[in-house]
Amino acid sequence: MGFLDALLGRSRPVRPDLDRLFALPGAALTLEAATGFTPTGAGSVCFAGVEGGAFARVRDEVRELLDADTGRGGVPVEPSRDAYGYGWLLARHPPDGLPALVTDLHAVNTLLREAGFGPHLLCSLVGFRAPRDGRRLALVYLYKRGSFYPFAPLVGERRDTALELQVRAVLADELRVEADLGRWFPVWGAPGLD
């Protein structure tokens with residue numbers, strides 16, 4: 001940051017660090033011990049609506065890579081588009097396969113970034129559920145901010161903000177949690193959250 005940037009109060013954006021995704025398995029253990037939430041085995045990557053032949057080739061490459069283990073009982077990657085026009089790639093693993101799921105999410109983000117679609121990446125999320133009462137939770141990684149935040153949906157497009165704040169406190173030492181609560185965007189109906 002230069003002198004003028006400091007004088008005018010400008011800051012450089014945080015660079016995405018996809019390796020932060022690999023902190024999720026350890027954070028999941030802490031989360032389970034503190035709150036009882038366990039991984040569902042589902043996670044997804046969200047990207048802004050991109051069309052064209054180059055993107056279609058990269059999307060097919062991603063699907064081929066992640067679908068490679070379907071012959072050994074894996075579940076194929078499921079592409080979808082939400083009501084807002086954003087694209088999603090959903091990956092599934094057994095609930096105890098969080099490290100493999102995180103590796104898949106990292107690979108998707110990396111392939112899209114290396115193909116020049118990094119500016120279109122929005123977020124990745126991993127789903128959790130409370131076995132006792134079925135409450136849902138997602139840990140969302142904001143690609144452009146290089147940070148995580150919890151998202152706890154309730155019925156009727158409401159959020160359990162008390163749970164989100166509790167999870168923030170529990171995981172403060174495990175993950176780089178987004179400090180700006182205004183960036184804790186709701187991801188209603190996101191694949192991997194149901």
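Numbering of residues begins at 1 and proceeds along the displayed sequence. Because the structure is predicted, anything quoted here is derived from the model rather than measured.
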Engineer: Can you tell me how far the CZ atom of Phe128 sits from the CG atom of Leu24, to the nearest 0.5 Å?
Structural biologist: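 Between Phe128 CZ and Leu24 CG, I get 6.5 Å after rounding to 0.5 Å.
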
Engineer: Locate the shortest heavy-atom distance separating Pro191 from Trp88; write the atom from each residue and the value.
Structural biologist: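 Heavy-atom minimum between the residues: CD-CD2, 3.4 Å.
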
Engineer: If every non-hydrogen atom of Ala172 is compared with every non-hydrogen atom of Val177, which pair is closest and at what distance?
Structural biologist: CA-CG2, 4.4 Å

Engineer: Which residue pairs satisfy the salt bridge (charged side-chain N to carboxylate O under 4.0 Å, His left out) criterion with at least one member in residues 23-43, sequence neighbours excluded?
Structural biologist: none

Engineer: Does the pair Leu31 and Leu137 meet the rule for a side-chain contact (heavy atoms from CB on, under 4.5 Å), with working shown?
Structural biologist: CA-CA 11 Å; Leu31 183 65; Leu137 173 73; 3.8 Å; yes

Engineer: Consider only side-chain heavy atoms of I, L, V, M, F, W and Y, link residues closer than 4.5 Å, and tell whether Leu112 and Phe22 are in one cluster.
Structural biologist: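 Same cluster: Leu112 reaches Phe22 through Ile, Leu, Val, Met, Phe, Trp or Tyr contacts under 4.5 Å.
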
Engineer: To the nearest 0.5 Å, what is the distance between NE2 (His93) and CG (Asp104)?
Structural biologist: 3.5 Å

Engineer: How would you list, by chain and number, every residue that makes a salt bridge (charged side-chain N to carboxylate O under 4.0 Å, His left out) with Glu174, sequence neighbours excluded?
Structural biologist: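 Partners of Glu174 by the salt bridge (charged side-chain N to carboxylate O under 4.0 Å, His left out) criterion come out as none, since no residue qualifies.
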
Engineer: Go through the structure and list residues passing salt bridge (charged side-chain N to carboxylate O under 4.0 Å, His left out) with Glu164, not counting sequence neighbours.
Structural biologist: Arg159

Engineer: Do you reckon Leu90 sits in the same ILVMFWY cluster as Phe117, going by side-chain contacts under 4.5 Å, direct or chained?
Structural biologist: no

Engineer: Quick check: closest heavy atoms across Leu21 and Val102, and the distance to 0.1 Å?
Structural biologist: O-CG1, 3.2 Å

Engineer: Using the rule given for side-chain contact (heavy atoms from CB on, under 4.5 Å), can you reason through Leu18 versus Tyr143, listing the C-alpha separation, both sets of side-chain angles and the distance that settles it, and then say yes or no?
Structural biologist: CA-CA 8 Å; Leu18 291 173; Tyr143 179 80; 3.8 Å; yes

Engineer: Are Leu181 and Leu125 connected in the hydrophobic side-chain network, where two residues link if heavy atoms are under 4.5 Å apart?
Structural biologist: yes

Engineer: Listed by chain and number, what are the salt bridge (charged side-chain N to carboxylate O under 4.0 Å, His left out) partners of Arg136, not counting sequence neighbours?
Structural biologist: Asp194

Engineer: Any side-chain heavy atom of His106 sitting closer than 4.5 Å to one from Asp19?
Structural biologist: yes

Engineer: For a quick test of reading the model, state the closest non-hydrogen atom pair linking Leu171 to Ala27 and the distance between them.
Structural biologist: CD2-O, 3.5 Å

Engineer: To the nearest 0.5 Å, what is the distance between CZ on Phe148 and SG on Cys123?
Structural biologist: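 It is 11.5 Å, given to the nearest 0.5 Å.
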
Engineer: Measure the shortest side-chain to side-chain distance between Lys144 and Leu122 over non-hydrogen atoms and say whether it is less than 4.5 angstrom.
Structural biologist: yes

Engineer: Would you name the heavy atoms of Val108 and Leu89 that are closest together and state the gap between them?
Structural biologist: CG1-CD1, 4.0 Å

Engineer: If the condition is ring-ring contact (aromatic ring centres under 6.0 Å, His included), which residues does Phe185 pass it with, not counting sequence neighbours?
Structural biologist: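 Scan of Phe185 (ring-ring contact (aromatic ring centres under 6.0 Å, His included), adjacent residues dropped) gives none.
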
Engineer: Apply side-chain contact (heavy atoms from CB on, under 4.5 Å) to residues Val187 and Cys46 and explain how you reach the verdict.
Structural biologist: CA-CA 10 Å; Val187 285; Cys46 180; over 6 Å; no

Engineer: To the nearest 0.5 Å, what is the distance between CZ (Arg20) and OG (Ser147)?
Structural biologist: 8.0 Å

Engineer: Would you say that Trp184 contacts Pro150 through its side chain, given a criterion of any heavy-atom pair below 4.5 Å between the two side chains?
Structural biologist: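 A side-chain contact under 4.5 Å exists here.
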
Engineer: Is there a side-chain contact (heavy atoms from CB on, under 4.5 Å) between Asp17 and Arg176 once you walk through the steps?
Structural biologist: CA-CA 11 Å; Asp17 182 1; Arg176 182 175 183 270; over 6 Å; no

Engineer: Identify, with sequence neighbours excluded, every residue that meets ring-ring contact (aromatic ring centres under 6.0 Å, His included) alongside Phe37.
Structural biologist: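 Here no residue qualifies.
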
Engineer: Within the structure provided, determine whether Trp188 and Pro153 are in side-chain contact (heavy-atom separation under 4.5 Å).
Structural biologist: yes

Engineer: Looking only at non-hydrogen atoms, find the nearest pair between Leu139 and Leu175 and report the distance.
Structural biologist: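 Reported closest heavy-atom pair: CD1-CD1, 4.2 Å.
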
Engineer: Can you check whether Pro95 reaches Thr38 side chain to side chain, under 4.5 Å on heavy atoms?
Structural biologist: no

Engineer: To the nearest 0.5 Å, what is the distance between OG1 on Thr35 and CD on Gln166?
Structural biologist: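 Rounded to the nearest 0.5 Å, the OG1-CD separation comes to 6.5 Å.
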
Engineer: Hey, could you give me the CG/OG1 distance between Leu98 and Thr103, rounded to the nearest 0.5 Å?
Structural biologist: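 The distance works out to 9.0 Å.
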
